[in-house]
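So that we are looking at the same thing, I have put the structure below in structure tokens.
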Amino acid sequence: MDKNNADAGHETTVHWFRKGMRLHDNPAFRLSYEAKNGSGKHYELKPIYILDPYFRKYIRAGANRWRFLQQSLVDLDITLRQLGTRLYVIRGLPHEVFPDLFVKWNVKLLTFELDTEPYARERDNQVEQLARKHGVKVEQKVSHTIYNTELVLRANGGSVPMTYQKFVSVVGSMPAPRRPIPAPDMLPSECLIDDDLNNPEFDVPTLDELLTLKGFNPTELKPCLYPGGEKEALRRLEEYMKNKTWVCKFEKPNTSPNSLKPSTTVLSPYMKFGCLSASHFFYRLKEVIGNSPHSKPPVSLIGQLYWREFYYTVGASTPNFDKMVGNSICCQVPWDNNPEALEAWTNGKTGYPFIDAIMRQLRDEGWIHHLARHAVACFLTRGDLWISWEKGLAVFEELLLDADWSMNAGNWMWLSASAFFHQFFRVYSPVAFGKKTDKSGDYIRKYIPELAKYPDQYIYEPWSAPKSIQERAGCVVGVHYPKRVVVHEDVYKNNITKMSLAYKSTKAGKSSNSKKSRDMSSSPDKKNIKKPKLK
DNA sequence: GTGTCAGTTGGCAGA
DNA sequence: ATCTGCCAACTGACA
């Protein structure tokens, strides 16, 4: 140990990685290695990740996402070691481990990326209080989103932009967003005095260790199609940026939900974990497009980034954004409690091959196309099963690599016509929709091998095949593949009527509520509480 | 208040 | 193949 530094007390700056698992465009991380004490000396740098061993209770994540996280941690550790430091993985809960770390490491500064999700805010507020108690300065930086959601609100006169178009026009009126900052080539040498570079206490857990800890069986994992980490994120980004024509012509609704290879970039998991910076992605797109003719929001690639910003902005300022009750923007719908149908949907056993193939791809691979999400979400909620979008949200949160709190809730409300989207009479057909882009059902054959031998004519509707054909294909409906859980053409019209009633009742609830709050102006806090149901 | 218009991605029949 | 109108009719933004 270096005596002088020990005498100086090894003043430390801690950068806390949570999301934002990258070194490129990481302003909070830069603060931590550039910061100096009163005598102009850099602090020693400790980049940490806190791995909560009880996480499973709080975060509903499946094995695929734990794998993605583990790979991202390994990648981060490698990159940090190339810079002369390492990633310190701390086991425990943030509010439990920080007081000890503050003392043990003589921490003077704690930096991390701002997180707008409610559970993260609560966690971070708690940590900030602990830091204050220990005389540790805390710095948070906005870098998970392109725009600071607070500034978007301010630019919109203090209120939330409630439509996508409104959002686009608001950010269009704002100054150009922050430019991404490059990853450091090297770190100040004073940051690198360290005794713990080889201390296994702080090692990234192996995949087996992590999965076992979380109660999963590592041998049940399917092959990894989307490895986590910043390097893979940047590689994948550049792979797509090479094709300028494709970038300029990109229109989301024209991409296929059921191609065998993804028809879109699959950068969403990297965005979710912050392996890829949204700002970097944004300015790379601007660069590639240059002055060429190109598609525009909402359908363009930049338009896709705006959708993310939009849901982050609304999500950050709407109480109970991920719930129906107590959510002021959400239509109040009397969804059914139907555990059997939910179970069938969750496990890809609804008897509708297109729906089941999507749900099986989701479970196996952790990613499905955006329009495939539309199809299964509409089916679960307003289209067919009449089950709450909150149930679907929970399944997506477990199985999607890119499960993102704001976008998951926002999109589920959209698809169930509970908020943002209101044309509930437009219902996806679980049979017809997939045929548009995959007439012969290759996608179904891949994910539902028991149906592989069905003729094209019946692959989307195996129940309509004559018994002899079912037998010849080696898959009898009701024996080897489930019967339809509902008859779409019977239920969807009834569901439209029920949606219409739910809209009327929600509207009535809202007006009676605003009337009430006018009458009882002394208790305005009642405004967002559950509305009474009016018949 | 009232009217008009647009809204990332519906399905279907008929031309 | 692509376009049209129809189905029955939603909301938020804006004038």
Side-chain angles (χ1 to χ4, degrees), chain A residues 156-157 159-173 249-259 262-265 268 294-311 313-314 318 327-333 352 354-355 358 368-379 381-384 407 410-439 460-461 487-511 514:
Chain A
N156 193 41
S159 69
V160 192
M162 280 305 295
T163 66
Y164 178 83
Q165 295 300 343
K166 182 74 187 164
F167 174 86
V168 172
S169 91
V170 171
V171 298
S173 74
K249 287 193 171 155
F250 184 93
E251 292 190 351
K252 186 65 157 277
N254 295 337
T255 57
S256 166
N258 47 5
S259 53
S263 61
T264 50
T265 64
S268 52
H294 56 90
S295 55
K296 296 269 162 61
V299 296
S300 63
L301 282 165
I302 284 178
Q304 305 311 300
L305 291 176
Y306 282 163
W307 279 105
R308 178 173 181 271
E309 300 287 315
F310 171 60
Y311 286 131
T313 305
V314 188
T318 306
N327 180 343
S328 62
I329 67 169
C330 184
C331 182
Q332 304 297 302
V333 181
Y352 282 93
F354 180 56
I355 301 298
I358 294 167
I368 51 178
H369 186 276
H370 187 64
L371 290 177
R373 302 180 196 201
H374 278 219
V376 296
C378 183
F379 187 87
T381 58
R382 66 187 169 88
D384 294 84
M407 281 188 293
N411 278 310
W412 272 100
M413 282 189 271
W414 181 290
L415 260 302
S416 60
S418 298
F420 309 116
F421 173 84
H422 310 282
Q423 290 150 291
F424 52 73
F425 38 85
R426 292 191 181 171
V427 177
Y428 290 88
S429 160
V431 170
F433 187 67
K435 285 186 185 171
K436 285 194 286 190
T437 42
D438 179 24
K439 216 163 181 327
Y460 283 86
E461 307 160 85
V487 177
H488 174 73
E489 49 278 33
D490 290 350
V491 294
Y492 87 90
K493 285 189 176 168
N494 190 27
N495 287 349
I496 289 174
T497 310
K498 289 197 279 185
M499 275 311 285
S500 172
L501 290 172
Y503 266 68
K504 286 195 178 83
S505 136
T506 299
K507 209 175 189 177
K510 268 187 184 159
S511 68
S514 54

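Below, chain A is the first sequence line, B the second, and so on; all start at residue 1.
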Query raised in the report: So what does A/Lys436 hit on the nucleic acid, given a heavy-atom distance under 4.0 Å: a base, only sugar-phosphate, or nothing?
Result: sugar-phosphate
Requested in this report: Could you check how far CG of A/Leu371 sits from P of B/dG10, rounded to whole Å?
Outcome: 9 Å
Report task. Name the closest nucleotide to the A/Tyr428 side chain, picking from B/dT8, C/dG12, B/dG11. Result -> B/dG11
Requested in this report: May I have the distance from A/Phe424 (atom CZ) to C/dC7 (atom P), rounded to whole angstrom?
Outcome: 17 Å
**Report entry** P spacing across the pair B/dG11 / C/dT11, given as an integer number of angstrom
**Finding:** 22 Å
Query raised in the report: Side chain of A/His422: nearest nucleotide among B/dG10, B/dT8, B/dG7?
Result: B/dG7
Query raised in the report: How many Å lie between NZ on A/Lys252 and P on B/dT8, as a whole number?
Result: 13 Å
Query - A/His370-A/Thr264 side chain donor-acceptor pair, cut-off 3.5 Å - result: no
Query raised in the report: NA contact type, A/Lys507, heavy-atom cut-off 4.0 Å: base, sugar-phosphate, or nothing?
Result: sugar-phosphate
Requested in this report: Would you mind classifying the nucleic acid contact of A/Phe420 as base, sugar-phosphate or nothing, using non-hydrogen atoms under 4.0 angstrom?
Outcome: nothing
Query - Rounded distance (Å) that lies between atom P of B/dC12 and atom CZ of A/Phe433 - result: 12 Å
**Report entry** Whole-angstrom distance between B/dG1 and C/dG12, as gauged at atom P
**Finding:** 15 Å
Query raised in the report: Would you say the side chains of A/His488 and A/Tyr352 form a donor-acceptor pair under 3.5 Å?
Result: no
Query raised in the report: Has the side chain of A/Ser416 got a donor or acceptor atom that lies under 3.5 Å from a matching backbone atom of A/Trp412?
Result: yes
Report task. Between B/dG11, B/dT8, C/dT11, spot the one nearest the side chain of A/Gln165, thanks. Result -> B/dT8
Query raised in the report: Do the non-hydrogen side-chain atoms of A/Phe424 and A/Cys331 ever get within less than 4.5 Å of each other?
Result: no
Query - Watson-Crick or G-U wobble partner of B/dT8, both distances under 3.5 Å - result: none
Query raised in the report: What interatomic distance, in whole Å, is found between P of C/dC7 and the corresponding atom of B/dT8?
Result: 25 Å
Query - Atom-pair distance (CZ on A/Arg373; C1' on B/dT9), nearest Å - result: 15 Å
Query raised in the report: Can you tell me how far the CZ atom of A/Phe421 sits from the CG atom of A/Asn411, to the nearest 0.5 Å?
Result: 12.5 Å
Report task. Tell me which nucleotide among C/dC14, C/dC10, C/dG12 gets nearest to the side chain of A/Met162. Result -> C/dG12
Query raised in the report: With sugar-phosphate meaning primed atoms plus P, OP1 and OP2, does A/Val299 contact a base, only sugar-phosphate, or nothing at under 4.0 Å between heavy atoms?
Result: base
Query raised in the report: Base, sugar-phosphate, or nothing for A/Glu251, non-hydrogen atoms under 4.0 angstrom?
Result: nothing
Query raised in the report: Please give, in whole Å, the distance from B/dG7 P to A/Met413 CE?
Result: 22 Å
**Report entry** Closest listed nucleotide, where the reference is the side chain of A/Arg426 and the choices are B/dT9, C/dG12, B/dT8
**Finding:** B/dT9
Report task. Measure the distance from CH2 on A/Trp414 to P on B/dG10 and round it to the nearest whole Å. Result -> 10 Å
**Report entry** Base partner of C/dA8, which must satisfy Watson-Crick or wobble distances under 3.5 Å
**Finding:** none
Query raised in the report: With rounding to whole Å, what would you report as the distance between B/dG7 and C/dA9 at their P atoms?
Result: 23 Å
**Report entry** A/Trp307-B/dT8 aromatic stacking (under 5.5 Å, under 30°)
**Finding:** yes
Query - Rounded distance (Å) that lies between atom P of C/dC10 and atom CG of A/Leu501 - result: 12 Å
Query raised in the report: So, A/Lys504 versus A/Ser500: side-chain donor-acceptor pair below 3.5 Å or not?
Result: yes
